[in-house]
*Asks:* 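After the structure tokens below, expect a handful of questions from me.
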Protein chains: 2
Amino acid sequence: MEITLAALQGRWTTLVVRELLRGDRSYSELRAALPALSDKVLSDRLAQLGEAGVVHRDRRPGWPPRVRYTLTARGRRLGPVLQALWDWGADAPD
Amino acid sequence: MEITLAALQGRWTTLVVRELLRGDRSYSELRAALPALSDKVLSDRLAQLGEAGVVHRDRRPGWPPRVRYTLTARGRRLGPVLQALWDWGADAPD
DNA sequence: CTGTATCCTGAACGATACTG
DNA sequence: CAGTATCGTTCAGGATACAG
């Protein structure tokens, strides 16, 4: 569980993963989908998720630079976990 | 999901809930089970979980003071959620 | 026994500017 | 387009002492 919590640590991490669960995204798409995140935090989260083996960074050659972020198989297995989190919050609101 | 994350926020929160999932506990039992937590943090977490409607504080009259912490129905529903977190971490270790 | 108050430190966050 | 660098702020966490 410590592993999971470490991987999901950070106020915005789950929202980034949630966005990627819907499909792969470019950096600017993520930024547009999560306007509350500063570049720095988004960059930090993506790096963290990359090290946790949750997100894969796919850099395409050429100009302008194109990068796609996708979930790894490990990352996609977070789907049910986040769903459980969502359900609990929705089940018993204040 | 923001609700759940707010309720579980804090590095130690899930461990406190996990302990209470096994049965009700006194303050000193929690402290003994989670030696890494300072009094302040344990106290903070219990207050947070109380406000989130996860934990119930049962103060018995008399001396010395005896307090039992138990999970509410809402709190017990966190069991599967924490299990999902646990499973993910155990499934794909680094 | 069951906590709260105080103070301190380090990490996360947020904005802005700048680079490949 | 896709980030990193820097800097200031804010907040959770840890130690210690003290209170009901």
Side-chain angles (χ1 to χ4, degrees), chain A residues 1-20 23-52 54-71 75 85, chain B residues 1-20 23-52 54-71 75 85:
Chain A
M1 174 142 43
E2 307 156 32
I3 295 171
T4 313
L5 292 175
L8 295 182
Q9 198 167 41
R11 206 147 78 219
W12 303 110
T13 311
T14 54
L15 296 179
V16 173
V17 174
R18 187 171 172 74
E19 195 57 34
L20 290 173
D24 59 325
R25 293 284 186 273
S26 69
Y27 185 88
S28 49
E29 286 169 343
L30 286 172
R31 189 165 44 185
L34 304 165
L37 271 74
S38 70
D39 276 341
K40 178 184 181 298
V41 175
L42 176 54
S43 178
D44 286 352
R45 289 310 129 236
L46 288 170
Q48 168 193 331
L49 289 168
E51 291 203 1
V54 169
V55 163
H56 176 247
R57 189 161 168 276
D58 186 9
R59 173 158 238 156
R60 313 289 178 77
W63 191 265
R66 297 266 171 193
V67 177
R68 302 302 295 177
Y69 288 95
T70 62
L71 291 178
L85 291 172
Chain B
M1 172 141 45
E2 307 156 31
I3 295 171
T4 312
L5 292 175
L8 295 181
Q9 198 168 40
R11 205 149 80 224
W12 303 110
T13 311
T14 54
L15 296 179
V16 173
V17 175
R18 188 173 172 74
E19 195 57 33
L20 290 173
D24 60 324
R25 294 283 188 270
S26 68
Y27 185 89
S28 50
E29 285 169 343
L30 287 172
R31 189 165 46 185
L34 304 165
L37 272 74
S38 69
D39 276 340
K40 176 186 181 296
V41 176
L42 177 54
S43 177
D44 286 352
R45 289 310 129 239
L46 288 170
Q48 166 193 332
L49 290 168
E51 290 203 2
V54 170
V55 164
H56 175 246
R57 189 160 168 274
D58 186 10
R59 172 160 238 155
R60 313 291 179 77
W63 191 264
R66 297 265 170 193
V67 177
R68 303 301 295 177
Y69 289 96
T70 62
L71 292 178
L85 290 171

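Naming convention: chains lettered A, B, ... in sequence-line order (proteins, then strands); numbering from 1 in each chain.
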*Asks:* Look at the side-chain N and O atoms of B:Arg31 and state whether any lies under 4.0 Å from the OP1 or OP2 oxygen of C:dG3.
*Replies:* no

*Asks:* Return the set of residues passing side-chain hydrogen bond (donor to acceptor under 3.5 Å, both in side chains) with B:Ser38 (not counting sequence neighbours), or none when no residue passes.
*Replies:* none

*Asks:* How many Å lie between CG on B:Leu34 and P on C:dG3, as a whole number?
*Replies:* 15 Å

*Asks:* Given atom CZ of A:Arg66 and atom C1' of D:dG3, what is their separation to the nearest angstrom?
*Replies:*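 For the pair A:Arg66 CZ and D:dG3 C1', the rounded distance is 15 Å.
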
*Asks:* Which residues pass the side-chain hydrogen bond (donor to acceptor under 3.5 Å, both in side chains) test with B:Ser28, sequence neighbours left out?
*Replies:* B:Ser26

*Asks:* Can I get a per-line list of side-chain donor-acceptor pairs under 3.5 Å for residues 8-18 of chain A, giving both atom names and the distance, sequence neighbours left out?
*Replies:*
unit_1	atom_1	unit_2	atom_2	d
A:Thr13	OG1	A:Gln9	O	2.6
A:Thr13	OG1	A:Gly10	O	3.3

*Asks:* Partners of A:Arg31 by salt bridge (Lys or Arg N to Asp or Glu O under 4.0 Å), sequence neighbours excluded?
*Replies:* A:Asp39

*Asks:* When you look at A:Thr70 and A:Val55, which way does the side-chain contact (heavy atoms from CB on, under 4.5 Å) test go after all the steps?
*Replies:* CA-CA 6 Å; A:Thr70 62; A:Val55 163; over 6 Å; no

*Asks:* What residues in residues 4-17 of chain A put a non-hydrogen atom under 4.0 Å from any atom of DNA chain C?
*Replies:*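 Hits under 4.0 Å, by residue number: A:Gly10, A:Arg11, A:Trp12.
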
*Asks:* If you check every side-chain atom of A:Val41, which of D:dG3, D:dG13, C:dG14 has the closest atom?
*Replies:* C:dG14

*Asks:* Looking at C:dC1, I'd like to know if its phosphate oxygens (OP1 or OP2) sit under 4.0 Å from a side-chain N or O belonging to B:Ser26.
*Replies:*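 No, B:Ser26 has no side-chain N/O under 4.0 Å of OP1/OP2 on C:dC1.
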
*Asks:* Rounded to the Å, how far apart are A:Gln48 CD and D:dG3 C1'?
*Replies:* 17 Å

*Asks:* Can you give me the N/O atom pairs linking the protein to nucleotides 15-20 of chain C at distances under 3.5 Å, or say none if there are none?
*Replies:*
none

*Asks:* Which residues pass the side-chain hydrogen bond (donor to acceptor under 3.5 Å, both in side chains) test with A:Glu19, sequence neighbours left out?
*Replies:*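 If we apply the side-chain hydrogen bond (donor to acceptor under 3.5 Å, both in side chains) test to A:Glu19, skipping adjacent residues, the hits are A:Arg25.
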
*Asks:* To the nearest Å, how far apart are B:Asp44 CG and D:dG13 P?
*Replies:*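 Distance, rounded to whole Å: 8 Å.
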
*Asks:* Mind checking what makes salt bridge (Lys or Arg N to Asp or Glu O under 4.0 Å) contact with B:Arg60, not counting sequence neighbours?
*Replies:* B:Asp58

*Asks:* Find the distance B:Asp58:CG to C:dC1:P and express it as a whole number of Å.
*Replies:* 18 Å

*Asks:* Closest approach to the side chain of B:Arg45, judged atom by atom: which nucleotide of D:dC1, D:dA12, D:dA2 is it?
*Replies:*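 Among the listed nucleotides, the one closest to the side chain of B:Arg45 is D:dA12.
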
*Asks:* Side chains of A:Tyr27 and A:Leu46, heavy atoms from C-beta outward: is any pair under 4.5 Å?
*Replies:* yes

*Asks:* For D:dG20, take OP1 and OP2 only and decide whether either is under 4.0 Å from a side-chain N or O of B:Tyr27.
*Replies:* no

*Asks:* Could I get the full list of side-chain hydrogen bond (donor to acceptor under 3.5 Å, both in side chains) partners for B:Arg66, not counting sequence neighbours?
*Replies:* none

*Asks:* Any side-chain N or O of B:Arg60 below 4.0 angstrom from OP1/OP2 of C:dT2?
*Replies:* no

*Asks:* Between P on C:dC1 and CG on B:Leu46, what's the gap in Å once rounded to a whole number?
*Replies:*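 Those two atoms, CG and P, are 16 Å apart.
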
*Asks:* So B:Arg57, base contact, sugar-phosphate only, or nothing? Heavy-atom distance under 4.0 Å.
*Replies:* sugar-phosphate

